Q: 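Right, I'll just put the structure down here and ask away after.
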4 protein chains.
Amino acid sequence: MAKQKRTKTKAKQGAPRQPAPEAAPVKRGRRKATEAKLENLLATAAELMAQKGYDNMSIRDVARATGYSLAGMYYYFDSKEQLLFQIQRNTFESLVTEQEAAVQRAKSAKAKLEALVRNYLDFFLRHTNELKVCAFEHESLKDAAYEEVRDIRHRWYRLLAGIVADLTGLDPAADDASIRHYTLFIFGMLNWIFMWFDERRDTPIETLGDEMIHMIFHGLPRQTKNKKG
Amino acid sequence: MAKQKRTKTKAKQGAPRQPAPEAAPVKRGRRKATEAKLENLLATAAELMAQKGYDNMSIRDVARATGYSLAGMYYYFDSKEQLLFQIQRNTFESLVTEQEAAVQRAKSAKAKLEALVRNYLDFFLRHTNELKVCAFEHESLKDAAYEEVRDIRHRWYRLLAGIVADLTGLDPAADDASIRHYTLFIFGMLNWIFMWFDERRDTPIETLGDEMIHMIFHGLPRQTKNKKG
Amino acid sequence: MAKQKRTKTKAKQGAPRQPAPEAAPVKRGRRKATEAKLENLLATAAELMAQKGYDNMSIRDVARATGYSLAGMYYYFDSKEQLLFQIQRNTFESLVTEQEAAVQRAKSAKAKLEALVRNYLDFFLRHTNELKVCAFEHESLKDAAYEEVRDIRHRWYRLLAGIVADLTGLDPAADDASIRHYTLFIFGMLNWIFMWFDERRDTPIETLGDEMIHMIFHGLPRQTKNKKG
Amino acid sequence: MAKQKRTKTKAKQGAPRQPAPEAAPVKRGRRKATEAKLENLLATAAELMAQKGYDNMSIRDVARATGYSLAGMYYYFDSKEQLLFQIQRNTFESLVTEQEAAVQRAKSAKAKLEALVRNYLDFFLRHTNELKVCAFEHESLKDAAYEEVRDIRHRWYRLLAGIVADLTGLDPAADDASIRHYTLFIFGMLNWIFMWFDERRDTPIETLGDEMIHMIFHGLPRQTKNKKG
DNA sequence: CATGAATGAGCCTTCATTCAT
DNA sequence: TATGAATGAAGGCTCATTCAT
């Protein structure tokens, strides 16, 4: 027989798709309650990550903020990285799905781009913390989890890049670099918002949308003394 | 929203103005050598911070990368935060000074904005790591160090915001929010570059400059099939 | 030297005699089912302990391997140590009882020793995991549980020591140390088997028995070119 | 450039041969002192591991026992497993080297086996804790460290197996299994000693050696009323 | 019978920092 | 200048165990 090599059990790695939410139709009340707790926990974690950054946030912080014990947290997720992953995947998947739908509904390329921007700003207001975590903590994920989120991100990129190609008439085969750059300029404007948006100063968000759309289609406004008149 | 200031539990902060570089009037040769070492050290640290993020980089990493002993590092700076501060202040001060000079040299508002963009991209190529640290680790500084860097940043902001006001003819008194937004859109485009710039794909940088300037003045290019004709 | 008793910092120990198996006079069918489950559980636990060691095995491992919930395990035993205790006591008690019977049946001292060895090897094949746990996790038990198992072990020791005294003609009063040593040499051969036995290489076990008996009675085989022959 | 994927530095894995003891001929006094501290630390750790088992011993235990802080321990080794590895490699290497030398010095196969046993018992008295750790915590090592120690162990095995083949005249080609078994019986006797040796009862160790050698060459002593005549 | 949910204690490890030399 | 040696604090994670249901 010979003594087996001792191994820690560990297991679970990568990006384990959590059990489908509808899996067991038993004990509905229970399920609901636990799910609500998990959601609250993810929201709290997202807030802390947005505030302090992933590396600087400790699971202990989340425990303190939610009122749970440290060990209690691990009932809801398997590791700090999984926690980040869940936030990013859930949020990003929702965002991109919403964006795709918004774009689909619009008719012209111009309308599509406008819809994408407005939906983004709206989503931003509804999920500020989560979205910031998606935008800035991309690199904190590794391996399978990293790749899964990266794929969603690519879907998003292709969505916008397609519109940009349409609008500009640039040829994806010949002018790939240019399309890429203009697309990324727009992403830059969108994502940098996290760095400065202030609810008191920068609302209503529709105005911000107007301005950004103007910037995208016409660049800075001209000498008319009155902007978006 | 504006990114919250990151705080570690452990604090301690004093008068972060590190001893003025002229502090000890030691022999010149010595001074030179020491300064060169310091500069090399700062460059190495900037590289590591750009790669891994401030929180995730350890002083041990810097020691390993420079060949010094761990304790030896502390001859050159007083704390990890001071290290970050030195990088940010040096780099940001250089950048803004260069930017101011470039703008001053240009005649029209249009030329000024163009000069600012081109000089930024040029500086970016020369100091990628340091600049990235300035752009993304702003919040890792605290108290006096934070404020000092913030002040430089504000000088930069005002420089661009002034040009934007001139160009658009928006009234700083009446249309402050708009000026602010357009200014920040441009900063967004500029700073987001760190997230995607790839030396192999995105050179020559002059082309990138052309494109960004087009975006700023005219928005996305139109149906002409050929961009930057 | 004698292996010290292992002590965890955290202790708590009571009257480790677990509730006598006959405790609750519930319905017979129920009892049967529960007992079968318990036995399966003990077997699984023994396997895991044999593989990973007591300290390195977690109740979670057992739960996973049996399909029970973690909390569910505690219906069948009161603590991890009780689990170990049940395995050791059940197994050791069976072994020693079998050994005593086998010895009793044999007539001469020589036959007795032979019977003991052969029965041991047979038992070993039938209860490898459990026996390994008995042999190597002796010290993981504490207080009353430790003592109870130690007493069974002593019964075993005395059984073999008696035969050795008979066979060698050594006087228990005068040559106690010698009897002890020869006895423990034999136990060493027997127990060390766990460290190397490999079902594929070391069967049939009768051959192994032949060899060990030869070793015990005559030492290493001589120059005859053919062993056991 | 694109933000690099963040990676912890970590490094050092497997079985890093510690720097050759004579590496730097500088600061002899210092070196000596530090080495002495390390040796004392390893001895203390070995004692604790022998007492409680590797899994059950915490680095905190070692820190407490040596008077160092917990973090201080990590100046001397990289991980708990490395600590175990250092103990095993150092000890096992010494043992096997001594054993080989002792065997080499002896002329006949019989004398060689006798020398091996006596040297082992002597080494056992000089390094009880360390040797016990070698004998019983073999499986707690993993990967490269495991393999390196396993290789030393094999050297030891082959040393004894060679003598057994010589002595018995068994043919390594034809009777491999038998040689293996007799060899392992002897290892069993030798290694099991840790389980029962008691300095007060089982000295002088020469007597124990006499007995074991008798067992190996002739089996249990006969009816002569006088053992080891 | 059985489990979902939760926790206190503890473990390994890393880190920024210090200080004597 | 520079470093070997050391440490307090903190962080991620696991575990045996409990308890209401």
Side-chain angles (χ1 to χ4, degrees), chain A residues 8-10 26-27 29-31 33-34 37 55-61 63 67-81 83, chain B residues 8-10 12 26 30 33-34 37 55-63 68-83, chain C residues 8-10 12 26 30 33-34 37 55-63 67-83, chain D residues 8-10 26-27 29-31 33-34 37-38 55-61 63 67-81 83:
Chain A
K8 288 264 174 188
T9 317
K10 259 288 194 181
V26 229
K27 288 201 244 179
R30 279 296 189 92
R31 277 301 306 280
T34 290
K37 280 180 191 174
D55 286 319
N56 208 26
M57 181 211 73
S58 73
I59 301 292
R60 282 161 170 86
D61 289 334
Y68 283 102
S69 70
L70 172 59
M73 309 301 309
Y74 284 83
Y75 182 74
Y76 290 97
F77 52 83
D78 290 327
S79 70
K80 192 184 177 191
E81 201 193 335
L83 176 58
Chain B
K8 292 245 182 182
T9 319
K10 175 177 48 167
K12 186 172 51 166
V26 225
R30 285 296 190 90
T34 290
K37 280 180 188 172
D55 286 319
N56 210 26
M57 181 210 72
S58 72
I59 301 291
R60 277 159 170 85
D61 291 332
V62 185
Y68 282 103
S69 70
L70 174 58
M73 310 297 311
Y74 282 82
Y75 178 75
Y76 293 98
F77 53 83
D78 293 330
S79 72
K80 193 185 177 188
E81 202 194 337
Q82 277 292 319
L83 177 59
Chain C
K8 290 246 182 180
T9 320
K10 174 176 49 169
K12 184 171 54 168
V26 225
R30 285 295 191 89
T34 290
K37 280 181 190 174
D55 286 319
N56 209 27
M57 181 211 71
S58 71
I59 301 291
R60 278 160 170 82
D61 290 333
V62 185
Y68 282 104
S69 71
L70 174 56
M73 312 296 310
Y74 283 83
Y75 178 75
Y76 293 99
F77 53 83
D78 292 331
S79 71
K80 193 184 177 189
E81 202 193 338
Q82 276 293 320
L83 176 59
Chain D
K8 287 264 173 188
T9 316
K10 258 290 190 181
V26 231
K27 290 201 240 177
R30 281 294 190 92
R31 278 299 306 280
T34 290
K37 280 180 191 175
L38 172 59
D55 286 319
N56 209 25
M57 180 210 74
S58 72
I59 301 291
R60 282 160 170 83
D61 291 333
Y68 284 101
S69 70
L70 172 58
M73 309 302 308
Y74 284 82
Y75 184 74
Y76 291 97
F77 52 84
D78 290 328
S79 70
K80 192 183 177 190
E81 201 192 334
L83 175 59

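Just so it is clear: chains get the letters A, B, ... in the order the sequence lines come, proteins before strands, and each one is counted from 1. Keep in mind it's a predicted model, so treat the numbers as computed, not measured.
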Q: Rounded to whole Å, how long is the line connecting atom CZ of Phe77(B) with atom P of dA2(F)?
A: 13 Å
Q: Side chain of Ile59(B) only, heavy atoms from C-beta on: which candidate in dG4(E), dA16(F), dA16(E) is closest?
A: dA16(E)
Q: On a heavy-atom basis, which atom in Asn56(A) and which in Asp61(A) lie closest, and how many Å separate them?
A: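 Distance-wise, the nearest heavy atoms are O-OD2, 4.0 Å.
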Q: Could you tell me the separation between the CG atom of Leu83(D) and the C1' atom of dT13(E), rounded to a whole number of Å?
A: 14 Å
Q: Using whole Å, report how far CG of Asn56(B) lies from C1' of dA16(E).
A: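 In whole Å, dA16(E) C1' lies 15 Å from Asn56(B) CG.
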Q: Heavy atoms only, 4.0 Å cut-off, all strands: where does Met73(D) land among base, sugar-phosphate and nothing?
A: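 The residue Met73(D) makes no contact with any strand.
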Q: Is the distance between the ring centroids of Tyr76(C) and Tyr68(C) under 6.0 Å?
A: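 Yes; Tyr68(C) has its ring centre under 6.0 Å from that of Tyr76(C).
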Q: Pick the nucleotide of DNA chain F nearest each of Gly67(D) and Gly72(B); which residue has the one closer to the 5' end?
A: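 By nearest-heavy-atom nucleotide position, the 5'-most residue is Gly72(B).
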Q: Nearest to the Leu70(C) side chain among dT1(F), dT17(F), dG12(F), which nucleotide is it?
A: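 Ranking dT1(F), dT17(F), dG12(F) by closest atom to the Leu70(C) side chain puts dT17(F) first.
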Q: How long is the gap from CZ on Phe77(A) to OG on Ser79(A), to the nearest 0.5 Å?
A: 8.0 Å
Q: Name the closest nucleotide to the Ser58(A) side chain, picking from dG11(F), dT13(E), dA16(E).
A: dG11(F)
Q: State the OG1-OH distance between Thr34(B) and Tyr75(B), to the nearest 0.5 angstrom.
A: 5.0 Å
Q: Once you round it to whole Å, what is the distance between C1' of dT3(F) and OH of Tyr75(B)?
A: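 Computing the Tyr75(B):OH to dT3(F):C1' distance gives 14 Å.
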Q: What is the distance from CD of Glu81(A) to C1' of dC13(F), rounded to the nearest Å?
A: 14 Å
Q: Specify the separation, in whole Å, of atom OH of Tyr76(C) and atom C1' of dC1(E).
A: 7 Å
Q: Would you mind pulling out the nucleotide paired to dA20(F), Watson-Crick or G-U wobble, both distances under 3.5 Å?
A: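 Answer to the pairing question: dT3(E), which forms a Watson-Crick or G-U pair with dA20(F).
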Q: Does any nucleotide pair with dT13(E) by Watson-Crick or G-U wobble geometry, both distances under 3.5 Å, and what is it?
A: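 For dT13(E), the partner nucleotide comes out as dA10(F), under the 3.5 Å rule.
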Q: Side chain of Ala71(D): nearest nucleotide among dT3(F), dA16(F), dT7(F)?
A: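 Taking heavy atoms from C-beta onward, the closest nucleotide is dT7(F).
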Q: Report yes if at least one side-chain N or O of Ser79(A) is closer than 4.0 Å to OP1 or OP2 of dG12(F); otherwise report no.
A: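 Looking at the OP1 and OP2 atoms of dG12(F), neither is under 4.0 Å from any side-chain N or O of Ser79(A).
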Q: Mapping Lys37(A) and Lys37(C) onto DNA chain E by nearest heavy atom, which one lands closer to the 5' end?
A: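 Here Lys37(C) is the residue nearer the 5' end.
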Q: Which nucleotide sits closest to the side chain of Tyr74(D): dT14(E), dG12(F), dC15(F)?
A: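 Side chain of Tyr74(D) sits closest to dT14(E).
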Q: Ignoring hydrogens and angles, answer whether the base of dG10(E) and the side-chain atoms of Arg60(D) contain a donor-acceptor pair closer than 3.5 Å.
A: no
Q: Could you state the atom-to-atom distance from CD of Gln82(B) to P of dT17(E) in whole Å?
A: 10 Å
Q: Mark yes or no for whether Lys80(B), through its side chain, and Met57(B), through its backbone, hold a donor-acceptor pair below 3.5 Å.
A: yes
Q: I need the CE-C1' distance between Met57(D) and dC12(E), as an integer number of Å.
A: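 Going from CE in Met57(D) over to C1' in dC12(E) covers 11 Å.
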